[in-house]
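Chain letters run A, B, ... following the sequence lines, proteins first and then strands; every chain starts at 1. Note that this is a predicted model, so its numbers are computed, not measured.
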Number of protein chains: 2
Amino acid sequence: MNLKQLSQLLGLSQTTVSRALNGYPEVNEATRERVLQAVKETGYRPNKAAQRLATGKAGSIGLVMPTAPGHQSDVHFGEFLAGLGEESVRHDFHFVIMPSDPDDEVAALRRLAISGNVDALFVAYMRGHDPRIPMLKSLSMPYVVHGRSFGSEPDYPFLDIDNEGAFYDATRLLLQLGHTRFALMNGPMHLDFAIRRKNGVISALAERGLTLDEDCMSHALMTDEQGLLAMERFLQLPNRPTAILCSSTVLALGAIRAVNQAGLRLGEDISLIAHDDVLPLLKPESFSVPLTTTRSSLRAAGARIAQRLIGTVKQAGPFPDQELWKTELIVRASTGPAPQQL
Amino acid sequence: MNLKQLSQLLGLSQTTVSRALNGYPEVNEATRERVLQAVKETGYRPNKAAQRLATGKAGSIGLVMPTAPGHQSDVHFGEFLAGLGEESVRHDFHFVIMPSDPDDEVAALRRLAISGNVDALFVAYMRGHDPRIPMLKSLSMPYVVHGRSFGSEPDYPFLDIDNEGAFYDATRLLLQLGHTRFALMNGPMHLDFAIRRKNGVISALAERGLTLDEDCMSHALMTDEQGLLAMERFLQLPNRPTAILCSSTVLALGAIRAVNQAGLRLGEDISLIAHDDVLPLLKPESFSVPLTTTRSSLRAAGARIAQRLIGTVKQAGPFPDQELWKTELIVRASTGPAPQQL
DNA sequence: GGGAAATTTCAAAGCGCTTTGACAACCAAC
DNA sequence: GTTGGTTGTCAAAGCGCTTTGAAATTTCCC
C-alpha cells in the first residue's frame, strides 16, 4: 500500500492525503478524519526512504560502533545506547549503527554522514587531537561529541564529564587520608578521558610535591583481566602503592581480585577509588567491600545527548552547545587511612 | 556532490557513471577507471535513501531494542549486538535499531519492517506463543529468530541453543553428585528459553521420581539483585535446596553473594550451575569459586545470524533454515557432591 | 565496402514521497 | 454583480538514484 493507492482508494489527490497525514492546516477536518480512518484500516505506512529523499530528514541518529572479530565488546557502549534509546523512543527516532574497525572510525563516520541515512551524528571514544573533529566541522550535519578531544580547541558541541576534576578530587581525598604512594589504572592512553584523568591525579599530587611514577600507571583496555594484571604489577613493586585510582569499575573488578589473591585487605592495606559509570552489572555498593567512587551515569549522558540531537534536528529550541557534568564523589568502604609506615 | 553533478563533470551520462560504479559489464574499462578516479577526488558517495528507493535494497538489518525509562539495560543485548556487528562490518551492512517499550515490540517490529528502512529483520526475546511469528510470516521480508517460540509450530527460520538439553544435562550432573533438593533460578516466565530450561530440569528430575517445588523456582529479570533476592528466599526454606540451576551468570553473581552472606560455601554446601552466555564481564572462571556452566556464546550466535541474514539478502547461497546449537557443559568448582544429610 | 553483431553510451521513466503554485468553490462585503 | 478573501483540493515538479529500451559507435567478417 502506498500513497498513490491510498489516495485513489479515497478519491483524493496524493497532496491532500499527504497533508492530512502530516498535520497541515489547509485540509478539511472531515477529510482528515476519513484519511486517518483509511490509514487505520489499510495499515498504510509511508515509505521512509521516499520520505527521506523528499524531505532530507531521516528521523534517525547515526553512530559508529567499534567492533572487530576478537574485539571485546564494551559494556559502556551498551549502557550508553540504552540512554540514547530511552530518549529516542519518545520521539519516534531510531539509530543507524555503523559497525567499524576501531582504527577506521573516521572513514566510517564520514560514510555514515554522507549516506543520507541519518540526520545527526553522535560521536564517542574521543581521542586526543581527534581527526574526527575537523571532519565533523566540515560536514553540515548536527552532531554532539561525547567527551572532548584534548588538544583541540573546544569549539564544538559536546557533553563531557569533568574527568580531571573527578580524579583530582579523588586523589585529594586519598591524600587527606595520608596516602603518599599512588597508582593509576587508566584506560588506553590515546583516549581523551584517560589523558584528563591522569592530569587530575598529577595535579593533585603536585600540590603536595608528589609525583606519579611511570611504574605506577597502567594504560589498558578496560576489562577485568587488564585490571587484574595491572594490580598484580603494582603489588610487586618494591615500594608498592597504597592508594589506587581506577578508571572504571570494570578494571576495579579485576584489581580487587588481585588484591584478594595477594591476601591484602581492601580499605585497609589498599585504598581504591574507581570511576563508576553506573553500569547495571557493577554496582559499587555490591562489591564485597563497597567501593568508593566518582560517579556519573553513562546512561543519563546518552539520554541527554539524544535529547540535544533530536531537539536540534527538530529545531526545538536552542540547546547549550557545551556541557560539562560534575561527578559525585561517594565514599564507601574501599578507602581508609593509609596503613602505618613499616 | 551527486550523480548528476559527477556525470556532468565527467561528460558522461548518469547511466554510465552509475553502471561504472556498480560493476556492470557493459562499460568500457577505461571509462570505469576515469569514473573511479573522479569518485576518489570528489569524495562522491551515493545517497543511500535514493539508492534504496530505486532498488528497494537498504543494506541494513533491523532490530528492536527493548527499552524504557528505568528499564534496566541488558548486557546480553550488547553482547549480541557485538556479534552482529562483527559480521556486518565485513559486508558493509549496518543496523537500524528501533527502540521500543518492551510491551510494544510487535508494533515496533511492524513499523520497522514496513518503513522500507531495512532489508531483513532480526528478532529476539522470544516469548511463548509469540505474536511476532505470524506477523513476520505475513511480511515478505527475510528474518531470523533468535530463540524459538514455545507453542508455535517451528516452521520459521531460527537459531536457538538447546536450552532444554543444556538444563537437562546440568540437572543430571547434579543428580549424579547425589543432590536431591533442587532450585531453579530462571528468567521471566513468559520467555521461551525460560520455559524450555524449566522443562529440561523437570524432565531430568522426573527420571528419578523427583519434582521441582513451586517454592524452588524463581522467575525474574536477569539482574544480580534478582539473583540475590531469589537465593535469599531459597536459603530460608525449611528444607533448603543444595543444588541450584541458574539461567545466567548475571543471576549467579547475586546468588553467590547471598550464599557468601549466609556463611555457606559454594561447591560444598551449595552446588550451582549457571548458563554462561560468554559475557566479557562475567567469566565463570574468574569467580572466586569458578563456576560450573553450560556454555554457548551469544556473540557467536549474533555473528551467525548476521551471516544468515546478509547471505539471504544478497542471495548468496542457501542457508539452513533452522539451527539448534548444543551447549557445552563445563565442570568447574561450584559443583560438588551433595552434603551429607544432617 | 557493406551489413550484422557486439560494444558502449544515452535519454527517459520510475521508485514513493513532499511541496509549490494554481485553481475551483464558497462566502461575505461593497 | 463584481471584487476579495478564505478554504479545500489538485497536478506537477523534484529529491538522487537505478534500469529499461533505444541509439550511436566500433568491430568483425565475407
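Atom-to-atom, CG of Leu3(A) to C1' of dG14(C) comes out at 16 Å; the value is rounded to the nearest Å. Straight-line distance from the NZ atom of Lys57(A) to the P atom of dG14(D): 21 Å, rounded to whole Å.
Taking 4.0 angstrom as the limit, Gln51(B) places a side-chain polar atom (N or O) nearer than this to OP1 or OP2 of dT18(D). Listed pair Tyr24(A) / dT19(C) meets the phosphate criterion, a side-chain N or O lying under 4.0 Å from OP1 or OP2. Using a 4.0 Å cut-off, no side-chain N or O of Asn47(A) falls inside it from OP1 or OP2 of dG16(C). The phosphate of dG16(C) has neither OP1 nor OP2 within less than 4.0 Å of any side-chain N or O from Tyr44(A).
For Ser73(B), the side chain to side chain donor-acceptor pair (under 3.5 Å) criterion is met by Glu79(A), not counting sequence neighbours. Partners of Ser100(B) under the side-chain contact (heavy atoms from CB on, under 4.5 Å) rule, at least two apart in sequence or in another chain, are Val64(B), Asp104(B), Glu105(B), Ala108(B).
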Using the 3.5 Å cut-off, write out each protein N or O paired with an N or O of nucleotides 4-10 of chain D and the distance between them.
residue: dT9(D); atom: OP1; partner: Thr31(A); partner atom: OG1; Å: 3.1
residue: dT9(D); atom: OP2; partner: Thr31(A); partner atom: OG1; Å: 3.1
residue: dC10(D); atom: OP2; partner: Ser13(A); partner atom: N; Å: 2.7
residue: dC10(D); atom: OP2; partner: Ser13(A); partner atom: OG; Å: 3.2
residue: dC10(D); atom: OP2; partner: Thr16(A); partner atom: OG1; Å: 3.0
residue: dC10(D); atom: N4; partner: Arg19(A); partner atom: NH1; Å: 3.1

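One finds the CE atom of Met135(A) at 8.0 Å from the CG atom of Leu121(A) (value rounded to the nearest 0.5 Å).
Note on Thr55(B): only backbone sugar-phosphate atoms sit closer than 4.0 angstrom, heavy atoms only; bases stay farther off.
In this structure, Phe122(A) has its ring center at least 6.0 angstrom away from the ring center of Phe95(A).
Residue Ala54(A) places its side chain closer to dG14(D) than to any other of dC17(D), dT18(D), dG14(D).
When atom types are taken as modelled, the side chain of Asp192(A) and the backbone of Phe150(A) share a donor-acceptor pair closer than 3.5 angstrom.
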